[in-house]
Every structure is written in structure tokens, then in C-alpha cells.
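Here the structure is laid out as C-alpha cells; the discussion comes afterwards.
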Amino acid sequence: LSIAIDDPNLSVRGPDGRERFSSPADLASATPDQFSFCYGDDALPRILDSRAGMVICPKELEEKAASLPLDKTLVFVPDPRLVFARILRGLFSNVPPKITLGKNTRIHESVILGTDGYGFVVEDDGRRVRFPCVGGVRIEDNVEIDAGSVVDRGTLGDTVIGYNTKVGKLVMIGHNSQIGRSCVIATHANISGSTTIGDDVWIAPGVVTSGHVNIREGALIGTGAVVVGDIRPGWIAYGIPAKEIRQRTNEGRL
Ligand SMILES: CC(C)(COP(=O)(O)OP(=O)(O)OC[C@H]1O[C@@H](n2cnc3c(N)ncnc32)[C@H](O)[C@@H]1OP(=O)(O)O)[C@@H](O)C(=O)NCCC(=O)NCCS
């Protein structure tokens, strides 16, 4: 990967700007030979914590980043997500998804593992273009996925279905979702991208989660609920939007 630095919107700060990077990775797991990107309010501490060799950063961070140690190359651009997506599309678009299946897994008819995530960037000319995915799917031991369900690959890392979890029919599990151990995800659930589900969670039929929510361990989400925010451990939540109603007990536990 090399970067053309003739764009007035782009500036680079780093050890000598001539490093080589092998592959993309998310900021948290990247190693010094990998590159990543960031945006959002917490970008600065995440850059500091990251071991990535190069990070594509928002331009408005340039001044603040002047005091950061020069242990990595920082590339400042107006829209880091768009630039990162372009690099992935140009250099990594044909990476097949790596599907890892644990022992004693049962994958039923018409299940599709490793489809591209449903994420987009908007190009300068207004075209909506897929954010490319290079990650995979990891299904742990003892997992069962019933007929017709679909599991997207991760964008950079893996979408994960944890040990002993049972997924019903026609369930959609979006890219980067992390599903814990011994969960039930019942028929027609729509788990949108980057949903985190803790261990021993029950998701009843037809539940929809907005992306980036965290349903903590032991929670139960009632039939048809729409989860738009985090749910605390052990709570029963339902409704649109889902509200925490009461704590789950062992009595009559599903
Ligand atoms: C969430 C759940 C556990 C709630 O059960 P519950 O606490 O016994 O609730 P109740 O039946 O006593 O109902 C209490 C109230 O909440 C309402 N309610 C119950 N579940 C609801 C839901 N999912 N969405 C909206 N309202 C719901 C009831 O209509 C009732 O309202 P009311 O007081 O105005 O009459 C249950 O609805 C559920 O979804 N169970 C999971 C079922 C499942 O997974 N089935 C598939 C098995 S594979």
C-alpha cells in the first residue's frame, strides 16, 4: 500500500512516511504491520491505545494529534471511513470470507454464512457504495443454525456465534455481531450489524435490534421487540422501543 500525497486535503504525520502495511484491521486489534481508520469523539484515545502502523484519521484531529508520540503514521483526511473503504475496494475486494466451524455444529438447509455486510459509504458524486468486508464468520462448538438463516461476514474481524447457541429459522445476523454462549435467537429475529449479545440471552421471535446495541448476559427480549439501546444483565425487555420491564427469574425460565 502506498499513498499519493498530492491531495491538498490529505496530510501525513509519522516516523518517515515510508512504512509498508500488509493488511487492514480494526483499530483495537491491529498490529504494527497493519493499517486502520477511526472517527468519532473517542478517536484520540483509541489511536493512542492502538498498535496499528498507520491510522487514517479525521482532519479535525490534526492539531490535537500534534502532541501524540510518533510511533505510528497518521493520515488526516476529511472522511476517514470513505478513504478506508476506497482502499479496501481497490486492494482487498476479492478476499473470500474465512468461515470457521467448531465441533458438533449443525448448519441446516439454505443457511448462508459469510455474506457481505449491509454497510455503505457515499462517494463524492453521490453514489452509495458498499463498504467492503474482508472479515469472516466464526461459529463455535455445539452451535445449531436452522434453515434459511444468514450470517454476514465481519468488516475486518469476525462475526461470532458463541458456544452452544441455537439460531432459529430465517434469522439474519448482521456483520460484526458478537453473540455469546448458550443463547437462543428465535425465528425471524433480525440482529443488525455490530450488535453484542452476552451469554445466556433469549431473543424471542421477530425481534429487531438496531445496530451497535449491547444486550447483556441473561437478558430476555420479548416477541416482536425493537431494541434501540443497551439492555442490562438479566432483564426482560419488550415493546417498541424495547423497555426493561422486570428482572428475569429462574421460575418458568425459557
Ligand atoms: C416477554 C415475555 C416473556 C413477557 O411475558 P410475561 O411477563 O409473562 O408477560 P404477560 O403475558 O404477563 O404480559 C404482561 C403485559 O405485557 C404485554 N406483553 C407481553 N409480552 C409482550 C411483548 N412481547 N410485546 C409487547 N407487549 C407484551 C401483555 O400484553 C401484557 O399487557 P397488559 O398488562 O396490558 O395486559 C413474553 O411475551 C415473550 O416474549 N416470551 C418469549 C416467547 C418465545 O420466545 N417464544 C418462542 C419460543 S421458540
Side-chain angles (χ1 to χ4, degrees), residues 1-93 95 116-135 152-159 174-178 192-196 210-214 228-230:
L1 169 65
S2 70
I3 307 166
I5 310 182
D6 55 357
D7 182 336
N9 284 322
L10 184 151
S11 56
V12 177
R13 171 171 181 268
D16 68 7
R18 288 173 191 281
E19 291 72 27
R20 298 170 73 88
F21 306 105
S22 60
S23 54
D26 64 70
L27 204 52
S29 68
T31 50
D33 65 326
Q34 293 182 305
F35 66 98
S36 190
F37 75 115
C38 67
Y39 58 92
D41 295 343
D42 56 349
L44 209 54
R46 289 170 53 231
I47 297 170
L48 267 176
D49 285 349
S50 174
R51 295 176 59 234
M54 179 181 85
V55 186
I56 302 168
C57 313
K59 197 131 183 73
E60 54 276 14
L61 271 191
E62 193 168 1
E63 230 170 90
K64 280 193 193 154
S67 57
L68 293 184
L70 280 178
D71 62 344
K72 50 178 80 75
T73 299
L74 302 180
V75 180
F76 299 97
V77 297
D79 187 344
R81 191 167 172 268
L82 177 61
V83 169
F84 194 76
R86 286 175 179 161
I87 296 172
L88 293 191
R89 203 179 316 133
L91 298 176
F92 299 94
S93 63
V95 180
D116 275 343
Y118 203 59
F120 298 89
V121 287
V122 178
E123 279 293 350
D124 294 339
D125 59 5
R127 277 178 308 128
R128 198 176 290 281
V129 180
R130 283 278 178 144
F131 194 102
C133 288
V134 300
D152 281 346
R153 67 193 299 194
T155 310
L156 297 165
D158 289 341
T159 300
H175 62 292
N176 302 329
S177 289
Q178 307 286 308
S192 298
S194 298
T195 297
T196 303
S210 299
H212 298 271
V213 297
N214 190 351
V228 298
D230 294 352

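Computed from a predicted model, the values in this text were never measured in an experiment.
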For the [atom1] atom of [X] and the [atom2] atom of [Y], what is their distance to the nearest 0.5 Å?
X: F131; Y: L82; atom1: CZ; atom2: CG; result: 9.5 Å
X: T195; Y: H175; atom1: OG1; atom2: NE2; result: 9.5 Å
X: C57; Y: K72; atom1: SG; atom2: NZ; result: 9.0 Å
X: H212; Y: S194; atom1: NE2; atom2: OG; result: 4.0 Å

Flag yes if more than 12 heavy atoms outside F92 fall under 6.0 Å of its CZ atom; otherwise flag no.
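Yes, enclosed.
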
Looking at [X] and [Y], what are the two nearest heavy atoms and their distance?
X: C133; Y: G154; value: CB-O, 3.5 Å
X: L74; Y: A65; value: CD1-CB, 4.1 Å
X: G211; Y: S192; value: N-CB, 3.6 Å

Given side-chain contact (heavy atoms from CB on, under 4.5 Å), test Y39 with D79 step by step and report yes or no.
CA-CA 8 Å; Y39 58 92; D79 187 344; over 6 Å; no

Apply the test side-chain contact (heavy atoms from CB on, under 4.5 Å) to residues F76 and E60: give CA-CA distance (whole Å), side-chain angles for both, the deciding distance (0.1 Å), then the verdict.
CA-CA 8 Å; F76 299 97; E60 54 276 14; over 6 Å; no

Give a yes-or-no answer on whether the side chains of Q34 and S23 include a donor-acceptor pair shorter than 3.5 Å.
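Their side chains do contain a donor-acceptor pair, which is all the 3.5 Å distance test asks for.
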
Under a 3.5 Å threshold, yes or no: a donor from one side chain and an acceptor from the other, between D152 and T159?
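Absent: no donor and acceptor within the cut-off.
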
Is R130 salt-bridged to D116, cutoff N-O under 4.0 Å?
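So R130 does not pair with D116 through a salt bridge.
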
Check this for me: does any side-chain nitrogen of one of E123 and R128 sit under 4.0 Å from a carboxylate oxygen of the other?
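Salt bridge flag = no for R128 with E123.
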
Which is it for F37 and F35 under the ring-ring contact (aromatic ring centres under 6.0 Å, His included) test, yes or no, and what are the steps along the way?
CA-CA 7 Å; F37 75 115; F35 66 98; 9.5 Å; no

Can you tell if the side chain of [X] reaches within under 4.5 Å of the side chain of [Y], non-hydrogen atoms only?
X: P80; Y: P58; answer: yes
X: K59; Y: V77; answer: no
X: F84; Y: P24; answer: yes

Worked check of side-chain contact (heavy atoms from CB on, under 4.5 Å) between V134 and L156:
CA-CA 5 Å; V134 300; L156 297 165; 3.8 Å; yes

Show me, pair by pair, the donor-acceptor contacts under 3.5 angstrom made by side chains of residues 40-56, not counting sequence neighbours?
| from | atom 1 | to | atom 2 | distance (Å) |
| --- | --- | --- | --- | --- |
| S50 | OG | L27 | O | 2.8 |
| S50 | OG | A52 | N | 3.0 |

Is a donor on one side and an acceptor on the other found under 3.5 Å between the side chain of [X] and the backbone of [Y]?
X: D230; Y: V213; result: no
X: S177; Y: G174; result: yes
X: S36; Y: A25; result: yes

Given side-chain contact (heavy atoms from CB on, under 4.5 Å), test R127 with V122 step by step and report yes or no.
CA-CA 6 Å; R127 277 178 308 128; V122 178; over 6 Å; no

